[in-house]
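Positions are given from 1, in the same order as the sequence printed here. All values reported here derive from a predicted model rather than from experimental measurement.
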Amino acid sequence: MQRAERDNRRRSIRRLLSTPFRFSEISDLEKSSTYLEEKAKTVDLSSHGLCFSCDRLLQPDTMIYYAVEGENKRDLAHGLGRVIWSKQVENQPLFHIGVDFSSHSPQLDHH
């Protein structure tokens, strides 16, 4: 598959966005709502998913609760998502993580 074809498989336009991002890995939705929250930064965002960078690898199919921070530390969006892919950033101790939330519509906060 050529690169142009691979890039066009996205369902919606991605917007470059570097903003604080919080996430918690969810191993079982029936467990307590207290989860270890980790901080990261978004890379891009679309209506179907997002990419973020963090310092650890997340396996595909991992469910996460996420919150994208907006101005004044208010959440721009939050909800459940599923890790689709994860890869190490070349020559850096960071990973880029691709998340799909199309089946778990994000809750957009309107302030």
Side-chain angles (χ1 to χ4, degrees):
M1 181 184 302
Q2 294 181 349
R3 182 180 172 102
E5 290 174 6
R6 215 174 34 243
D7 291 343
N8 287 332
R9 68 183 173 182
R10 294 184 172 155
R11 294 176 288 171
S12 57
I13 296 173
R14 294 197 176 250
R15 190 178 92 191
L16 293 179
L17 177 69
S18 180
T19 190
F21 176 81
R22 300 183 317 275
F23 73 96
S24 299
E25 188 174 340
I26 301 171
S27 57
D28 183 350
L29 292 176
E30 299 300 316
K31 289 186 179 178
S32 167
S33 60
T34 304
Y35 302 105
L36 176 63
E37 189 173 89
E38 299 188 46
K39 294 188 177 191
K41 271 233 189 264
T42 60
V43 175
D44 61 37
L45 177 69
S46 77
S47 61
H48 290 96
L50 59 83
C51 175
F52 69 94
S53 63
C54 70
D55 60 1
R56 71 182 187 99
L57 181 70
L58 293 177
Q59 295 300 316
D61 292 324
T62 300
M63 294 299 294
I64 64 168
Y65 174 80
Y66 66 88
V68 179
E69 290 183 17
E71 293 181 26
N72 301 320
K73 297 202 176 205
R74 292 183 178 176
D75 289 347
L76 177 63
H78 62 270
L80 292 174
R82 183 172 60 93
V83 174
I84 302 299
W85 57 266
S86 185
K87 66 179 179 180
Q88 187 167 8
V89 177
E90 191 173 329
N91 299 321
Q92 294 186 36
L94 289 174
F95 295 89
H96 279 178
I97 313 293
V99 175
D100 175 52
F101 45 68
S102 61
S103 60
H104 306 284
S105 297
Q107 301 298 312
L108 298 176
D109 292 335
H110 301 284
H111 300 286

Roughly how far, to the nearest 0.5 Å, is [atom2] of [Y] from [atom1] of [X]?
X	Y	atom1	atom2	answer
Gln88	His96	CD	NE2	11.0 Å
Glu25	Gln59	CD	CD	9.0 Å
Leu94	Asp55	CG	CG	7.0 Å
Asp44	Leu50	CG	CG	7.5 Å

I'd like to know if the side chain of Ser24 reaches the main chain of Tyr65, judged simply by a donor and an acceptor atom lying under 3.5 Å from each other, with no hydrogens or angles considered. no
Heavy-atom donor-acceptor pair, Ser86 side chain to Leu57 backbone, under 3.5 Å: no
Shortest non-hydrogen contact from [X] toward [Y]:
X	Y	result
Lys41	Ser18	CD-OG, 3.3 Å
Ile64	Val99	CD1-CG2, 3.9 Å
Ser53	Ala40	O-CB, 3.0 Å
Asp61	Arg82	OD1-NH1, 2.7 Å

Given Leu58 and Phe23, is the side chain to side chain contact (heavy atoms under 4.5 Å, CB included) satisfied, shown in steps? CA-CA 11 Å; Leu58 293 177; Phe23 73 96; 3.8 Å; yes
4.5 Å side-chain heavy-atom contact, Tyr66 and Phe101: yes
Is there side-chain contact between Ile97 and Phe21, with heavy atoms separated by less than 4.5 Å? no
